[in-house]
Amino acid sequence: MPPNAPSKKPPKSPVWKPSAPRVKRPSVLNNQRQSAKMAPLPGPRPSSLLDFAIMRTSHLFLSTLKEAPSEAELLSHKLMLRAGLIKRLGSGLYTWMPLGLRVLRKVESVVREEMNKAGAQELLMPAVQPAELWQETGRWDVFGPQMLKITDRHERNFCFGPTHEEVITDIARSEIKSYKQLPVNFYQVQTKFRDEIRPRFGVMRAREFMMKDAYSFHADLASLQDTYKVMYGAYSNVFSRLGLQFRAVAADTGAIGGDGSHEFHVLADAGEDLLAYCPTSEFAANVELAEALPPAAPRAAASEALREVDTPKQTACEDVAALLGIGIERTVKAIALVTTAGEFVLALLRGDHNLNEVKIGKVDGMLDFRFATEEEIRSNLNCPPGFIGPVGINANIRVIADRTVAAMSDFVCGANKPKFHLAGVNFGRDLPEPAVVADIRNVVNGDVCPDGKGGVLELCRGIEVGHIFQLRTKYSQAMKAEFLNEQNQLTPMEMGCYGIGVSRIVGAAIEQNHDARGIIWPQAMAPFAVAIVAVGYHKSDAVKAAAEQLYADFSAAGIEVLLDDRNERPGSMFADMELIGIPHRITVGDKALANGEVEYVARRAGEMQKIAIGDALSFIQQQLA
RNA sequence: CGGGGCGUAGCGCAGUCUGGUAGCGCACCUGGUUUGGGACCAGGUGGUCGUGAGUUCGAAUCCCACCGCCCCGACCA
């Protein structure tokens, strides 16, 4: 405690309590301390928030690292830590340092502009929400451990908001009484908290994160669909403006059905979602949902005789195929599953295909299935795993065949006999036709696109950065958010909700835009548009004067510029500017200056070119246009 | 929560097996020499070795418990 701290305890329950009570100091003292610290800075420096666009490295809090902390695995996470954008406080909790916050604000502002343009209105709801609202919709219990529940001094229950449907619906029901007030679309940019099972990848899967969430209210479904389309467009604009490669994909609409939900993914190899898309059409879907069409050609007639083949050690389809010298697409694998009702089921897939658990879950009775244990396989088929197949099994074991398998003939599968497989197997002759034929596999590269336009699917990975959803009346009914329509009837409002992971976008953008030297910011989210590196600033008056002049000119032109005026070696300055990803760099040095020139390097292209110093401003303006 | 790994200076690591004055590189501070791709020399600052409890004359090191973090699986912006 400072010597002049009050000896009296603060009052017990003050209306307002400063976190560190101390006697008021003359403000002059503070100013003196500040100016004493900051006075030695050369040249003009930012004196207020109005000068936000103007910055120099001798003033900016920059903390770069040569080595990434071991906590980070993912490249974007490492780079964010090395560039000093973020700092970890706890698992899934990050401080946005000044440089990082500039980036986050850039993303926010693009999002705000597009939301406003789309007719949404910004508001700000509390981060902490009373339990009662969540109990109304039943989600207090349903949301589960992902929700951070807290208790106040009166033992009342609250949560730190993981999302805001309940709060916004509460607002709507108390404010909106008439169809004349509809439609309306509210949004906010808020800190959310979701107690993730396993936070990882830095800000890409943090527990506390920044999200833009919008909620629209409508008198009817047509109006909801209109706004949904507008928001779809707004989201596309946001990600385009941010300079990201992205894809909107059809998402699971669950019980609601219809064309009601899309996810927006930034394409990146490190993405957690696998996507299928068609390069020649608009089709794109999460692999969990992408339909695998039945083969175009009907099943060929049987041409081989059924025979047993020796497969002493071959349990995997690819090994069996290799042993027999046939393609793996001639093999069929059987996967043993057990339903919650205890039914033992065989799922048949082509050897090179993989089971899609979401799809098979939609087959009758297969909701909440699990994989059979080795004991269950042995007792039902009298055979160890690795050699099981659909031939000669007990007639009451249900066989679910993938569409592809159902169209196969003369295939190879397990013989239900250790160390043997069967070849030349044919449905209808060697075993009954399968009880169920369904789409139960993941699509693969080269599958025919299900939109019927003749394209062929490709797979890629994506990071989900946005999700739009037609909620319909789920919340408005539960919470009685009703209005009077033109016929004077009380009607629940149609609702839509639209989320963007603002902080996640920063990580996703780096994942998509980096090289060995560091981050390469897309223009729209760069913390600074231009870096001026002054080589020999503290040694050469000419360099100093030229760099300061450019800095002043750029600033006056409204360009966000970072002047590197440190007394560092050039290598360090270049390395720092590259690590933090400034898209354009002007180098001012004695050599080029002697010819009246400066050097320009684009962060991405990396090739240096000389520019007359008088042309620097217009040249950069051209680059930024 | 299950399986694996790690906690030693701001960051990266050695030391732990076999107990005996806590080390290296980077960063930071002072002085000097340097200055177009992360300089060099000299001198320095900084660690109750994650926490607690034990064993021991003596614990970073051995024993026990706890906490935290990271990686692999089920959640999602």
Side-chain angles (χ1 to χ4, degrees), chain A residues 62-74 77-78 81-82 84 87-93 107 111 142-147 161-164 189-214 235 238-239 251-252 262-266 271-273 286 288 357 368 370 462-469 497-508 517-518 533-540 543 564 566-579 585 587-593 598-599 601 606 608:
Chain A
L62 196 61
S63 65
T64 54
L65 292 170
K66 275 189 198 171
E67 289 172 294
S70 59
E71 75 198 42
E73 181 80 3
L74 199 66
H77 187 195
K78 285 183 182 169
L81 291 167
R82 281 189 56 209
K87 200 169 167 57
R88 196 185 65 85
L89 178 63
S91 183
L93 303 172
V107 177
V111 169
V142 173
F143 219 91
Q146 237 199 116
M147 187 155 69
T163 179
H164 280 74
V189 179
Q190 244 289 21
T191 297
K192 311 274 195 204
F193 191 96
R194 293 185 191 173
D195 201 351
E196 292 286 344
I197 299 164
R198 186 151 87 86
R200 55 185 144 171
F201 308 147
V203 300
M204 294 244 287
R205 182 178 295 286
R207 293 196 294 175
E208 189 179 300
F209 60 101
M210 194 66 77
M211 181 171 166
K212 186 287 299 176
D213 46 330
Y235 273 43
V238 165
F239 300 120
D252 192 359
H262 285 86
E263 292 169 355
F264 286 78
H265 287 260
V266 165
E272 293 184 82
D273 293 276
N286 207 303
E288 289 178 352
E357 300 184 30
D368 293 326
R370 62 171 172 81
I463 300 163
E464 187 185 356
V465 291
H467 199 158
I468 57 177
F469 208 102
C497 78
Y498 320 90
I500 289 182
V502 173
S503 45
R504 176 179 282 186
I505 283 175
V506 178
R517 293 178 169 178
V533 174
V535 175
Y537 182 97
H538 296 264
K539 199 180 58 174
S540 159
V543 166
D564 200 342
R566 293 174 296 176
N567 191 12
E568 289 287 338
R569 302 173 69 82
S572 303
M573 296 198 278
F574 294 149
D576 272 348
M577 293 305 108
E578 283 159 358
L579 174 61
R585 186 179 83 203
T587 306
V588 181
D590 271 323
K591 286 180 193 166
L593 218 47
V598 292
E599 294 159 16
V601 176
M608 188 264 277

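Heavy atoms only: backbone and side chains are in, while hydrogens, waters and symmetry mates are out. Naming: A, B, ... by sequence-line order, numbering from 1 per chain.
- Here A:Gly499 lies out of heavy-atom contact (under 4.0 Å) with every strand.
- Judged purely by atom type and a 3.5 angstrom limit, A:Arg207 has no side-chain atom pairing as donor or acceptor with the backbone of A:Leu93.
- Nearest to the side chain of A:Glu67, among B:rG25, B:rC75, B:rG38, sits B:rG25.
- With both pairing distances under 3.5 Å, B:rU48 is matched to nothing as a Watson-Crick or G-U wobble pair.
- Residue A:Arg207 is out of contact with every strand shown, counting any heavy-atom pair closer than 4.0 Å.
- Stacking between A:Phe209 and B:rA77 is shown: the ring centroid lies under 5.5 Å from the centre of the six-membered base ring, and the planes differ by under 30°.
- As judged by a 4.0 angstrom heavy-atom cut-off over every strand, A:Asp576 is placed among the base-contacting residues.
- Within 3.5 Å, no donor on the side chain of A:Arg88 pairs with an acceptor on the base of B:rG68, nor the reverse.
- Minimum interatomic distance between A:Ser503 and A:Val203 (heavy atoms only, all atoms of both residues): O-CG2, 3.6 Å.
- Counting only heavy atoms from C-beta outward, the side chains of A:Gln146 and A:Glu196 approach each other to under 4.5 Å.
- Judged by distance alone, with hydrogens and angles left aside, A:Asp590 brings no side-chain donor or acceptor close enough to the base of B:rG36 to form a pair under 3.5 Å.
- The residue A:Arg370 sits apart from the nucleic acid: no heavy atom pair falls under 4.0 Å.
- With rounding to whole Å, A:Lys192 atom NZ is found 11 Å from B:rA77 atom P.
- At a cut-off of 3.5 angstrom, the base of B:rC71 holds no donor-acceptor pair with the side chain of A:Arg200.
- A:Asp213 has its CG atom 16 Å from the P atom of B:rC76, to the nearest Å.
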Can you check nucleotides 28-35 of chain B for protein contacts, nitrogen or oxygen pairs under 3.5 Å, and list what you find?
from: B:rU34; atom 1: O2; to: A:Arg569; atom 2: NH1; distance (Å): 2.9

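- Put simply, CD on A:Glu73 is 19 Å from P on B:rG4, counting in whole angstrom units.
- Atom NE2 of A:His164 and atom NZ of A:Lys192 lie 4.5 Å apart (nearest 0.5 Å).
- The side chain of A:Arg205 approaches B:rC76 more closely than any other nucleotide in the set B:rG36, B:rA27, B:rC76.
- At a threshold of 4.5 Å between non-hydrogen side-chain atoms, the residues A:Thr587 and A:Val601 do not count as touching.
- Ring planes of A:Phe469 and A:His467: tilted class, angle from 30 to 60°.
- Residues A:Arg205 and A:Arg198 fail the side-chain proximity criterion, which asks for heavy atoms closer than 4.5 Å.
- A residue-by-residue look at A:Glu272 and A:Ser91 shows that A:Ser91 has its nearest nucleotide of RNA chain B further toward the 5' end.
- For the pair A:Asn286 CG and B:rA77 P, the computed distance is 12 Å after rounding to whole Å.
- Across every strand in view, B:rG58 sits unpaired, with no contact that passes the Watson-Crick or G-U test at under 3.5 angstrom.
- Taking a pair to require two hydrogen-bonding distances under 3.5 Å in either a Watson-Crick or a G-U wobble arrangement, B:rG73 pairs with B:rC1.
- In this structure, A:Glu71 reaches the sugar-phosphate backbone alone: every heavy-atom distance under 4.0 Å involves primed, P, OP1 or OP2 atoms, never a base.
- Among the nucleotides B:rC75, B:rC11, B:rA39, the one closest to the side chain of A:Glu196 is B:rC75.
- Residues A:Phe239 and A:Ile505 are in side-chain contact: their nearest non-hydrogen atoms beyond the backbone lie under 4.5 Å apart.
- In this structure B:rG7 sits in a base pair with B:rC67, meeting the Watson-Crick or G-U test at under 3.5 Å.
- Below the 3.5 angstrom threshold, one finds no donor paired with an acceptor across the side chain of A:Arg82 and the base of B:rC11.
- With contacts defined as side-chain heavy-atom distances shorter than 4.5 Å, the pair A:Met573/A:Arg566 qualifies.
- Counting only distance, with no hydrogens or angles, the side chain of A:Arg194 and the backbone of A:Pro162 share a donor-acceptor pair below 3.5 Å.
- Look at NZ on A:Lys78: it is 11 Å from P on B:rC71, rounded to the nearest Å.
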Considering only nitrogen or oxygen atoms on both sides, find all protein atoms under 3.5 Å from nucleotides 50-52 of chain B and state each distance.
none

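- Of the candidate nucleotides B:rC76, B:rC72, B:rG38, B:rC76 has the atom lying nearest to any side-chain atom of A:Arg194.
- A:Ala206 comes within 4.0 angstrom of a nucleotide base, judged by non-hydrogen atoms across all strands.
- Residues A:Arg517 and A:Phe574 have side chains not in contact (no heavy-atom distance under 4.5 Å, counting atoms from C-beta outward).
- Counting non-hydrogen atoms under 4.0 angstrom, A:Glu357 reaches nothing in the nucleic acid.
- Note: CG (A:Leu579) to P (B:rC11) measures 17 Å, nearest angstrom.
- In this structure, A:Ala72 reaches neither bases nor backbone, as no heavy-atom distance under 4.0 Å exists between it and the strands shown.
- Regarding A:Met577, its CE atom lies at a distance of 18 Å from the P atom of B:rG36, rounded to whole Å.
- Distance from the side chain of A:His467 is smallest to B:rA77 among B:rA77, B:rG36, B:rG37.
- Two residues, A:Ile197 and A:Leu65, neighbour RNA chain B, and the one matched to the more 5' nucleotide by heavy-atom proximity is A:Leu65.
- Rounded to an integer number of Å, the gap from A:Leu81 CG to B:rC26 C1' is 17 Å.
- The partner of B:rU16 is absent, by the rule that a Watson-Crick or G-U pair needs both atom distances under 3.5 Å.
- Nearest to the side-chain atoms of A:Ser70 among the listed nucleotides B:rC75, B:rG12, B:rG38 stands B:rG12.
- Within the shown strands, B:rU33 is the pairing partner of B:rA39 under the Watson-Crick or G-U definition, both distances less than 3.5 Å.
- You'll find the ring centres of A:Tyr498 and A:Tyr235 outside the 6.0 Å limit.
- For a distance-only test at 3.5 Å, the side chain of A:Arg504 qualifies as a donor-acceptor partner of the base of B:rC76.
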